[in-house]
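So the structure is just underneath, and the comments pick up after that.
Note that these values count all heavy atoms, side chains included, but never hydrogens, waters or copies made by symmetry.
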Amino acid sequence: MTAFRYRRAALALTAAAVLPLTLTACGGDNSSSDAAADKAASSAPAEDTSSAPAEGAAPADGPFGPACASVPKDGAGSFDGMAQDPVATAASNNPALSTLVTAVKKAGLVDTLNNAENITVFAPTNDAFAKIPKADLDKVLADKDMLTNILTYHVVGEKLSPTQLESGTYDTLQKSTLTTKGSGEDYTVNDTSKVVCGNVPTANATVYIVDTVLMPKS
């Protein structure tokens, strides 16, 4: 009996000694797991928090600009409608270009523009012509040679994309040059005339509607 008691006491002592070691080992395992998890988290690729490119930073693929909102949504004067007609005819269907169309007719340039291939037209709005004093505008409209000189200065003999407008110098049908600069959806011609609705396609031209009439350099 005494021996049996000694054995029980020995087992109890052994268990008491082993239990803390077992708990310590379990605690060590948890610490190792937590450390491994922390290491994995720190080594995982960081979430991409870089901001997207600013809207409008890249040249537009289609028509752009504040004045584009006034273009009819359907019919011959819409973007889809203008794309089906040569440039002079297309312009005649846009109410904001009626003064330009009148000038083109007075200069006898309708057929010239409609029959040209792959051109760019910088088309002044009615408001652009309204910036010219009425007496001066009437004088220009009455002088076919002067009118032709001004209107052909608005035409470049190639189709220009928005990217090409970022910094360029181009020959016009009037035989002198104009310059363009800008980016995204913000462009100017000759540092004075802003594009208010750009990259408008017609059957034979790309149109950039501008807010100021361009005057030939020579």
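Although no hydrogens or angles enter the test, the distance criterion places a donor-acceptor pair under 3.5 Å between the side chain of Thr120 and the main chain of Glu158. With hydrogens and angles disregarded, no donor-acceptor distance shorter than 3.5 Å links the side chain of Asp85 to the backbone of Gly77. Listed for the Asn190 side chain is no donor-acceptor partner under 3.5 Å among the backbone atoms of Leu178. In terms of modelled atom types and a separation under 3.5 Å, the side chain of Lys131 and the main chain of Asp211 share a donor-acceptor contact. Checking side-chain atoms of Asn204 against main-chain N and O of Val87 turns up a donor-acceptor pair under 3.5 Å. With hydrogens and angles disregarded, a donor-acceptor distance shorter than 3.5 Å links the side chain of Asn126 to the backbone of Pro95. Side chain of Thr212 to backbone of Ser193: no donor-acceptor contact under 3.5 angstrom is found. Of the possible polar contacts, one joining the Thr172 side chain to the Ser176 backbone as a donor-acceptor pair under 3.5 Å is found. Between the side chain of Asn118 and the main chain of Lys159, no donor-acceptor pair closer than 3.5 Å is present. Although no hydrogens or angles enter the test, the distance criterion places no donor-acceptor pair under 3.5 Å between the side chain of Gln84 and the main chain of Gly81.
Expressed to the nearest 0.5 Å, how far OG1 of Thr89 lies from CG of Asn94 amounts to 13.0 Å. To the nearest 0.5 Å, atoms CG (Asp138) and CD1 (Ile132) are separated by 10.5 Å. Taken from OG1 in Thr169 to NZ in Lys181, the straight-line distance is 11.5 Å, to the nearest 0.5 Å. The distance from atom OG1 of Thr99 to atom CG of Leu137, rounded to the nearest 0.5 Å, is 7.5 Å. The NZ atom of Lys217 lies 10.5 Å from the CD atom of Gln174; values are rounded to the nearest 0.5 Å. For the atom pair OG1 (Thr180) and CG (Asp191), the distance works out to 10.0 Å, reported to the nearest 0.5 Å.
Put simply, the residue from Thr148, Leu147, Leu141 that forms a side-chain contact (heavy atoms from CB on, under 4.5 Å) with Lys144 is Thr148.
The two atoms that bring Ala90 and Thr202 nearest to each other are CB-CG2, 3.8 Å, heavy atoms only. Between Pro124 and Leu100, the shortest heavy-atom contact is O-CB, 3.9 Å. Across all their heavy atoms, Cys68 and Gly198 have their closest contact at SG-N, 4.2 Å. Here the shortest heavy-atom pairing between Tyr153 and Met215 reads CE2-O, 3.4 Å. For the residue pair Cys197 and Val71, the shortest heavy atom distance occurs at SG-CG2, 4.5 Å. When all heavy atoms are compared, the tightest approach of Leu113 to Ala88 is CB-CB, 4.3 Å.
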Take His154 and Val104 through the side-chain contact (heavy atoms from CB on, under 4.5 Å) test and state the conclusion after the steps. CA-CA 11 Å; His154 290 73; Val104 167; over 6 Å; no
Checking side-chain contact (heavy atoms from CB on, under 4.5 Å) for the pair Thr206/Leu160: CA distance, chi angles, key distance, verdict? CA-CA 7 Å; Thr206 298; Leu160 300 177; over 6 Å; no
I'd like to know whether Thr192 forms a side-chain contact (heavy atoms from CB on, under 4.5 Å) with Thr188, so could you lay out the CA-CA distance, the side-chain angles of the two residues, the decisive distance to 0.1 Å, and finally the verdict. CA-CA 6 Å; Thr192 58; Thr188 58; over 6 Å; no
Let me see the working for Asp186 and Lys194 under side-chain contact (heavy atoms from CB on, under 4.5 Å), right down to the final yes or no. CA-CA 8 Å; Asp186 184 11; Lys194 291 187 67 68; 2.9 Å; yes
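The 12-atom threshold is not exceeded at CD of Glu117, counting heavy atoms of other residues, nucleotides or ligands nearer than 6.0 Å. Counting non-hydrogen atoms of neighbouring residues, nucleotides and ligands closer than 6.0 angstrom, the CG atom of Asp74 reaches no more than 12 such neighbours.
Between Tyr208 and Phe122, the angle of the ring planes stays under 30°, which puts this pair in the parallel group of the 30/60° scheme.
Val101 and Val110 fall into different hydrophobic clusters, where Ile, Leu, Val, Met, Phe, Trp and Tyr are joined by side-chain heavy atoms under 4.5 Å apart, directly or via other members.
Partners of Lys139 by side chain to side chain contact (heavy atoms under 4.5 Å, CB included), not counting sequence neighbours: none found.
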